[in-house]
Amino acid sequence: MDINTIDTLASRTESPTPLGNISKGSSPKPMYPTRCVHTISQDDNSVLSLAASDTYLFSGSQSSRIHVWDLQNFSLVTSLVGHRGSVLALTLSPDQRLLFSCSGDGTIRVWDTATLRCVYLIQSCHDVGDIFSMVYSATANMLIFGNQNTSIQWFDLTDPQTNGSAGNVPVIPINPRSSASQKSKFFGAPSYEDIVEEVDRFPTEEYLVKCVIREKNVRSNAHDGYVYCLLHAVDIPNVDGEVVLSGSGDGDVKIWSISNSTLKLLNTLRGDTDKGVLSMAISEDGYLFCGVQGGDVQIWDLETNQLIRSMMAHSDDVLAVAIRGPGFVSASADGTIKVWNEEFEFRECMDDHDGIVLSMICSQDYLITGSSDHSIKFWDMPSPVKPVEHFRRNSIVQDAPSSDTLLYVLDKWISMRTVSGSPKCMEECRRGARFLKNVLQQLGAVSRMIPGITGRNPLVYGRFSARRTSNAGITAESKVPTVLVYGHYDVIAAQNDKQQWNTDPFKLTGKNGYLYGRGTSDNKGPVLASIFAVYELLKEGQLDVNVIFLVEGEEENGSLGFQDAVNKYKDLFADVDLILLSNSYWLGEDVPCITYGLRGVIHASIKISNTLSDLHSGVEGGAVSEPLIDLIHVTGRLVDNNKHVLVPGFYDDVSQVTDAEKRLYDPIVTWLQTSETALSQSRTQHSAITSPTLSDKSKTDSDSPCSDKRPNIRPTQYPLDTDRLKQELMARWRFPTLSVHKIDVSISNRTIIPRCATACVSMRIVPDQSIEDIAAKFEDYVRQVFADMNSENEISVEIQSSAEYWLGNPESRYFKAVEKAIHKEWNMKPLYIREGGSIPAVRFLEKFCNAPAVHLPMGQASDQAHLHNERIRLRNLHAGRRIIKSLLQDLAASSDT
């Protein structure tokens, strides 16, 4: 890439997508760069179109000829003549017996590749102008083409015309093409008189059959602009069978189904009217790549029909795109060819052509490009390492034990870096979502992806239907319980810069009975355990409840867009009786738990700033009100030394602790006082106690000079105080809090006074606090504290996001059913616990489905979720699978009584 191209890219405007245009102008030189291995010249004509069989390369020229090249020795075999205008597109039938060509003369020709003779001349019953694009469906035996007059038309090759029958053939209008219609921004065109003069030299076409498009095969005004490109595909996401995608100068892409010898519009992908679609390619993963006017490459996810990326790929129109390995290649009117990897990052640039790159295809051996410099170049492009298998249809080994298959799937899924909130991982997140969708489909569910908000990850939906019938043999759908299982596939980032991980965080590693890797416990492992529990019931013919899976990709990022997406597809969640999730952990290592409560959360920011620039403290210190000092004063008055929140009225609506609730803490305290594992803190993330809770004797021992880590204290020797334990647990789970997480400044320098300082604050709320009420009280109090300071600065308070608390009923039949299933598996009664953290989706789903939620933790306290060396015990994973299976069977049985 030359310096002018880099400057052009840097000055480009932003993409209409929220992510902006993302590409890289430079990249480390590939170890095995693409190289041009051969160049051939096509007379003095631009190479407008290309098609390759196993034997020949066909190139369409500006001069109306089609050149035929031997791919073994790159020599010219012959030229096919007949068209009277530039050959704008070429395509081959799958068996390579027929070559189709379309032209600026408004006609299509069909050539026999064995004899290299034209066998059919196809024309429209309308003046279509230039025919820009064309595809062939072998299954339907249809030739479909896109035109300058904005129509899409098709010809059925089983039409009697192809046998020479002239019955009811439409009349072709007499309308000689004018030279004006042949003009292009990329190349000059021969005049009409020149073409007519050359036609007189054509050989006699004695084998030619002339055919005319019938009126019923015309879709007028298919677009609001020229139909520049067509793409044929089979079984794209959410659409079975054959489809044609059309791209137009109006910026839109339309998806048409091919059925009963006609086209039916399925969907429209709305683009930018200023960025006409000039070229298209589709990957096996269901990504549609569109080269558009101006130099961008737009990337659509056909699972959700969302534009997920608009990349500043070139400095001029992108005239061709092609799939090569896990990535893609783009070619442009700026004369460059660029290679992009599977993460849509720039890999290398080839600029060997001396003109516009007008055409590009991938053959079995080469990447082949044609240019306005009259040359065709053959590129040797080393195949990159294949990406992780995406668990496509029919790839699962159905006769393998489901427990083995679960681990196989988890291994593949963990390797996908589904880190939400990271633009670098956005494509990987979608691959992870698509992978899960395919897993659900293969295990017997009806599955699809639900689009999230623009620029965010999609949700994965799957439904397993009950096989139960009534005694009369009639399906009793209305009596069948429906369980909604909620989870998430996104994970927290796993940087390993300090080598804190003992294993690769994105490679499933088994060691000493544990499975290590990011997402094993939070939340991919529990999600798959639940899926395989349902699959086993289905396989055994014992699935007597409907089970819906709803797995989101933004949970670790605040569940952005979750509510809107679910509301938009509310019909998919009808008649839910129970919401089940597994997204937390046991209190310790040896006793299973049921979570019945979560705190809500309000995330806010406090910003104090002025209109001055950043100042030097040696010059201005003491003369101005400093934003950072003001912010420290404000945040210092949010919580007192006893951890009491000072916002007036903050505790007014907190519900009173009932006697029934207090009793739930008794078995927890007993466990803490009698279990040695309760004091094993070497890995515990969600520890129930801290050192201040220990008796005075334990404090003395731990403070001794020879104690460099927590002592191994036996609870029987040093009993813990019951009331203090209860209070500490309630402080962690049950009462509201306020925390200041960080302070950012406009400039970080030891001599500079920053002109702006921002604090990130969160408030954990509990029953019966109102988000709106607490947020309003917080803002009023902060502003009042700042006003009392009489500062020259300005303050702003922003509520950034929030999530409601959740409180279940441990006495309900659903909690008791989960307790029964846990007792059956572990032969002990679970502890009923609450969590201090928040899961935004839970309370929303309860209201949305009008159904209660139950939270079933599978992991242990030492799982290290969100931290390095995240893991889950293999025994717990399989136990969770069996508990879910037992629970669903019990729900089905209880619904009959």
Side-chain angles (χ1 to χ4, degrees), residues 403 512-515 521 525-526 529-530 532-533 536 578 580-598 660-689 712-716 719-720 722 725-726 728-729 732-733 808-835 853-863 865 871-891 893-894:
S403 58
N512 298 326
Y514 285 86
L515 300 175
S521 182
S530 303
F532 276 86
E536 287 182 14
L578 172 66
L580 186 64
L581 67 153
S582 179
N583 195 20
S584 64
Y585 320 92
W586 293 356
L587 196 56
E589 302 296 292
D590 57 356
V591 179
C593 299
I594 300 176
T595 302
Y596 69 93
L598 297 164
E661 181 182 346
K662 290 179 182 178
R663 287 192 293 270
L664 291 173
Y665 288 89
D666 291 335
I668 301 174
V669 171
T670 300
W671 170 74
L672 288 171
Q673 292 174 331
T674 59
S675 172
E676 293 188 24
T677 62
L679 294 177
S680 176
Q681 304 294 307
S682 59
R683 281 186 55 93
T684 300
Q685 175 189 0
H686 301 282
S687 59
I689 57 176
N712 184 15
I713 305 168
R714 290 189 172 275
T716 54
L720 304 176
T722 299
L725 279 175
K726 284 188 178 181
E728 184 170 342
L729 290 172
R732 290 169 176 265
W733 298 344
N809 178 12
E811 298 301 319
S812 73
R813 70 182 185 96
Y814 291 119
F815 273 89
K816 294 305 179 184
V818 174
E819 179 184 320
K820 177 182 175 182
I822 292 175
H823 192 280
K824 177 182 176 181
E825 174 65 30
W826 293 103
N827 198 28
M828 66 178 73
K829 186 175 180 179
L831 298 174
Y832 278 85
I833 65 173
R834 292 169 76 159
E835 281 276 355
V854 177
H855 197 164
L856 168 63
M858 290 188 191
Q860 298 166 292
S862 60
D863 278 1
R871 70 182 188 181
I872 192 168
R873 188 166 62 169
L874 187 57
R875 181 185 176 193
N876 281 51
L877 191 67
H878 288 314
R881 172 174 53 85
R882 291 188 291 267
I883 289 169
I884 298 291
K885 186 176 178 181
S886 178
L887 171 65
L888 296 178
Q889 289 176 305
D890 184 62
L891 292 176
S894 64

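Values reported hereafter were calculated over all heavy atoms of this structure, with side chains retained and with hydrogens, waters and symmetry mates removed. All residue numbers in this chain count up from 1 along the given sequence.
Although no hydrogens or angles enter the test, the distance criterion places a donor-acceptor pair under 3.5 Å between the side chain of Asn876 and the main chain of Met858. With hydrogens and angles disregarded, a donor-acceptor distance shorter than 3.5 Å links the side chain of Thr670 to the backbone of Asp666.
Within the 4.5 Å cutoff, the side chain of Leu856 has heavy atoms near those of the Ile822 side chain. Considering only heavy atoms from C-beta on, Trp733 stays 4.5 Å or farther from Glu835 through its side chain. Under the 4.5 Å side-chain criterion, counting only non-hydrogen atoms from C-beta, Glu825 is not in contact with Ser886. Counting heavy atoms from C-beta on, the side chains of Asp890 and Lys816 never come closer than 4.5 Å. Counting heavy atoms from C-beta on, the side chains of Tyr814 and Asn809 never come closer than 4.5 Å. Here the side chains of Asp590 and Trp671 are in contact, with some heavy-atom distance below 4.5 Å. Counting only heavy atoms from C-beta outward, the side chains of Glu536 and Arg881 approach each other to under 4.5 Å. Put simply, the side chain of Ser530 does not reach to within 4.5 Å of the side chain of Leu580, judged on heavy atoms.
Pairing each heavy atom of Glu589 with each of Ser862, the nearest pair is OE1-OG, 2.7 Å. Considering every non-hydrogen atom in both Arg813 and Ser894, the closest pair reads NH1-OG, 3.8 Å. Listed here is the closest heavy atom pair of Ala821 and Ile883: CB-O, 3.7 Å. Pairing each heavy atom of Asp863 with each of Ser521, the nearest pair is OD2-OG, 2.7 Å.
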Chi angles and distances behind the side-chain contact (heavy atoms from CB on, under 4.5 Å) call for Val854, Leu887: CA-CA 12 Å; Val854 177; Leu887 171 65; over 6 Å; no
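Under the 30°/60° scheme for interplanar angles, the aromatic rings of Tyr832 and Phe815 are found to be tilted.
Residue Lys820 places its NZ atom among 12 or fewer non-hydrogen atoms of other residues, nucleotides or ligands, all under 6.0 Å distant.
Taking CZ of Arg834 as the start and CG of Leu587 as the end, the distance is 14.0 Å to the nearest 0.5 Å. Residue Asn512 holds its CG atom at 12.0 Å from CG of Leu874, rounded to the nearest 0.5 Å.
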